[in-house]
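Letters A, B, ... mirror the listed sequences (proteins, then strands); counts begin at 1. These numbers come from the heavy atoms of this one structure, side chains and all, not from hydrogens, waters or symmetry mates.
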Amino acid sequence: MESDLVDQRKKKIDELTERGIDPFPNDFKPSHSTAQLNSAHGDSSPEQLDELKDEFALAGRVVAIRDFGKSIFLHITDGSGRIQGYLRKDVAGPEQLDFFKKIIDIGDIVGIKGSLFKTKTGELTVNIKFVKLLTKSIRPLPEKWHGLKDVEIRFRQRYLDLIANPEVKETFIRRQKIIKLIRHFLDNRDFFEVETPILHPIAGGAAAKPFKTYHNALDMELYLRVAPELYLKRLLVGGFERVYEIGRSFRNEGLSNQHNPEFTIMELYQAYATYEDLMSLIEELFCYVAETILGTLEFEYQGTLINLNPPWERVSIMASLEEIVGAEVLHSEDMLFKKADSLGINHLGIRGKALVEIFESVLGDKIVNPTFVFGFPLDVSPLARRNSENPELTDRFELFINGREYANAFSELNDPVDQRARFMAQLEMKAKGEEEVHEMDEDFITALEHGMPPAAGAGVGIDRLVMLLSNVPSIREVLFFPHLRPE
RNA sequence: GGGCCGUUAGCUCAGUUAGGUAGAGCAUCUGCCUUUUAAGCAGAGGGUCGCAGGUUCAAUCCCUGCACGGCUCACCA
């Protein structure tokens, strides 16, 4: 029984306490990490190691013990890697060997001191002269050979996943590398990183259902942001010409392989740029990150070959639809809605919604290599600048890779009168039954009334980008603690 | 939210063909073993078979409901 295993180990703590030994001391300072020793001495010859008079102090978790009676082999892992230790009766003395055998379990954190040598098989090993218990663990670790597979335990107790499955740690290290590279790329282009509120009085910037919360002292409802967009644009009004934010947004929607209620978005805004400028910028950004992380722009994602080599294809929604359904369907609302109905699309009598969803259902899945899909209808793009040739369309694009959306960008609407009209149109859509619409934001309109420079902005789903570059199928693999129902 | 699948020892999994109170490996415990690395050898303990009902002389197995998880569809990034 589990409690037997735990009881056995708790008794060891009692025994230590009785002997006046602290089972959780904090007075051991490692001199080296396992990675430092492995890289400095992994290739040294046994003779070279003999000449080293140094003693090395290492600390880490015991992950394997092989007991030979008068000697013990063990492996410890630290934050950088793992190394083998060898505890011999005639080197460490009978008391220390006995202490180790009686007290130390797999999972404990120990400090060891000793010299280096190579075993018969050539493995760099610490010849332990001194060992100290640093943290007694009382619960057993997952099994060493098969690792931990139960996804529920993997996500709920991610620390066990990280201990048992080394490749999991790699994914999270990669995630932070990707975020650093994005920062580096944007910083080099004079973008200024900012932080804007997460608690919003109006959940704007995207058409999505928000989480609600409540501020006691102010006696008011607040929303967790669904996007930072409207605050970043206020900063454009204030004179910051290139800003970006990387942070959490929250959407009160269903969970899936690609959706977590809280997710990380990068949004950037650049004054005097157009959405076409941002196509180039996004293309460069993705290529820079992918090349640095993977060393190539061609790679496999879940069995599909992806080629990021520029220039990326640019596809007009309306031109594509004209080919698919014919021009006459596009010009007749009745025929358009009939076509949408036949595809099972819930368009609610909203023309733009029907158009975009027909496009996505017919062509979206067919897109494998990165493609800028542009020319979104006005009524589903309430924050985007109107196209100067076709006032029913906006200067907006989405980036599709392998059937999924990775970025959304547009030239920004900076006409306060039009912006107010767009918000009003959103409210009419809400009346038609569309649940996810932009709310009227008077404060934002006031900001625009003071003059926002012409600009373009983009949002990139960081979690999905990490998934793509890590070849993992689920967003849960790139979030330390994905949302699960409470047990 | 709908559909399909899953839940057996601390971990990874068998199994119940056809209902008769459960097995392996690792881990744990006891011996032996001073260059092993999934160490080895000998022995031992460990399970309300997800939860709750029902059918039955008898349910881990059949039926129903529930919980959690996975896949998938719908919406969003």
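- Rounded to a whole Å, the CG atom of A:D150 is 8 Å from the P atom of B:U8.
- Taking the C1' atom of each, B:C68 and B:A52 are spaced 15 Å apart, rounded to whole Å.
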Dot-bracket summary - RNA chain B, pairs being Watson-Crick or G-U whose distances fall under 3.5 Å, with | when paired to another strand: (((((((..((((......[..)))).(((((.......))))).....(((((..]....))))))))))))....

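- Taking atom P in both B:A39 and B:A44, the straight-line distance is 23 Å, to the nearest Å.
- Taking atom C1' in both B:G3 and B:U17, the straight-line distance is 29 Å, to the nearest Å.
- Ring geometry for A:F191 against A:Y244 counts as perpendicular: the plane angle is over 60°, on a 0 to 90° scale with 30° as the lower cut.
- Taking atom C1' in both B:G45 and B:U28, one finds a spacing of 8 Å when rounded to whole Å.
- Results of the side-chain contact (heavy atoms from CB on, under 4.5 Å) test with A:I246 over A:L186, A:T264, A:V460 single out A:T264 as the only residue that passes.
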Might you list the N or O atoms of the protein lying below 3.5 Å from N or O atoms in nucleotides 22-26 of chain B, with each pair's distance?
none

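- Note on A:R476: a side-chain N or O is less than 4.0 Å away from OP1 or OP2 of B:C71.
- At a threshold of 4.0 angstrom between heavy atoms, the contacts of A:E405 are confined to the sugar-phosphate backbone, with no base atom among them.
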A:H438/A:F444 under ring pair (Phe, Tyr, Trp, His ring centres under 6.0 Å): CA gap, chis, key distance, verdict: CA-CA 12 Å; A:H438 283 73; A:F444 175 65; 9.7 Å; no

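- When every heavy atom of A:A206 is checked against every heavy atom of A:R251, the shortest pair comes out as CB-NH2, 3.4 Å.
- Comparing B:C13, B:C68, B:U35 by their closest approach to the side chain of A:R156 singles out B:C68.
- A cation-pi geometry, defined here as NZ or CZ lying under 6.0 Å from the six-membered ring centre and within 45° of its normal, does not hold between A:R476 and A:F155.
- Using C1' as the reference atom, B:U60 and B:A9 are 14 Å apart when rounded to the nearest Å.
- When A:T34, A:T119, A:I76 are each tested for a side-chain contact (heavy atoms from CB on, under 4.5 Å) with A:Q84, only one passes: A:T119.
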Candidate pair A:S33 and A:D78, rule side chain to side chain donor-acceptor pair (under 3.5 Å), full reasoning: CA-CA 7 Å; A:S33 69; A:D78 64 10; 4.8 Å; no

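- Residue contacts for A:K120: at a heavy-atom cut-off of 4.0 Å it reaches a base atom on one of the strands shown.
- Comparing A:A208 and A:F73 against RNA chain B, the residue whose closest nucleotide sits nearer the 5' end is A:F73.
- For the residue pair A:R82 and A:N38, no side-chain donor N or O sits within less than 3.5 Å of a side-chain acceptor on the partner.
- With sequence neighbours excluded, no residue satisfies salt bridge (Lys or Arg N to Asp or Glu O under 4.0 Å) with A:R351.
- Here the options are A:F374, A:F372, A:W312, the test is ring-ring contact (aromatic ring centres under 6.0 Å, His included), and the partner is A:F397; only A:F372 passes.
- Atom CG of A:L74 is separated from atom P of B:U35 by 15 Å (rounded to the nearest Å).
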Listing, residues 354-366 of chain A side-chain donor-acceptor contacts under 3.5 Å, not counting sequence neighbours, or none:
unit_1: A:S361; atom_1: OG; unit_2: A:E357; atom_2: O; d: 3.3
unit_1: A:S361; atom_1: OG; unit_2: A:I358; atom_2: O; d: 3.3
unit_1: A:K366; atom_1: NZ; unit_2: A:V362; atom_2: O; d: 3.1

Under 4.0 Å protein heavy-atom contact, by nucleotide of nucleotides 28-34 of chain B - B base, S sugar-phosphate only: SS---BB

Step-by-step side chain to side chain donor-acceptor pair (under 3.5 Å) determination, A:H200 to A:E439: CA-CA 12 Å; A:H200 288 188; A:E439 296 292 330; over 6 Å; no

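- At least one cation-pi condition fails for A:R175 and A:F172: the charged atom is not both under 6.0 angstrom from the six-membered ring centre and inside a 45 degree cone around its axis.
- Distance, A:N165 CG to B:U12 P: 10 Å, rounded to whole Å.
- Looking at A:R158, its side chain never comes within 3.5 Å of a backbone N or O of A:F481 through a donor-acceptor pair.
- Among the protein residues, A:L484 comes within range of the sugar-phosphate backbone only, with heavy atoms under 4.0 Å from sugar or phosphate atoms but none that close to a base.
- Between the C1' atom of B:U36 and the CZ atom of A:R66 lies a distance of 5 Å, rounded to the nearest Å.
- Using a 4.0 Å heavy-atom distance criterion, A:G147 is classed as a sugar-phosphate-only contact.
- Atom pair A:R154:CZ and B:G69:C1' shows a separation of 13 Å (rounding to whole Å applied).
- Of the candidate nucleotides B:C13, B:U35, B:G10, B:U35 has the atom lying nearest to any side-chain atom of A:T119.
- In this structure the side chain of A:L479 never reaches within 4.5 angstrom of the side chain of A:F263, judged on heavy atoms.
- If you check every strand for non-hydrogen atoms under 4.0 Å, A:I153 touches sugar and phosphate atoms only.
- Computed from coordinates, the A:D161 CG to B:G69 P distance equals 16 Å when rounded to whole Å.
- One C1' atom belongs to B:C63, the other to B:C11, and the distance between them is 32 Å to the nearest Å.
- Counting to the nearest Å, the P atom of B:A9 and the CG atom of A:L141 are 18 Å from each other.
- For the C1' atoms, the distance from B:G25 to B:U21 is 25 Å, rounded to whole Å.
- One P atom belongs to B:G70, the other to B:U64, and the distance between them is 24 Å to the nearest Å.
- When atom types are taken as modelled, the side chain of A:S256 and the backbone of A:Q258 share a donor-acceptor pair closer than 3.5 angstrom.
- When each of A:A64 and A:I475 is assigned the nucleotide of RNA chain B bearing its nearest heavy atom, the one mapping closer to the 5' terminus is A:A64.
- In this structure, A:N127 reaches neither bases nor backbone, as no heavy-atom distance under 4.0 Å exists between it and the strands shown.
- Heavy atoms of A:L148 sit under 4.0 angstrom from primed sugar atoms or phosphate atoms, though from no base atom.
- Atom CD in A:E152 sits about 15 Å away from atom C1' in B:C71, given to the nearest Å.
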Please tabulate the protein-to-nucleotide N/O contacts below 3.5 Å involving nucleotides 1-3 of chain B, giving atom names and distances.
none

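- Each of A:F100, A:F73, A:F68 was evaluated against A:Y86; a single residue qualifies, A:F73, per the ring-ring contact (aromatic ring centres under 6.0 Å, His included) test.
- Here A:E357 lies in heavy-atom contact (under 4.0 Å) with sugar-phosphate atoms only.
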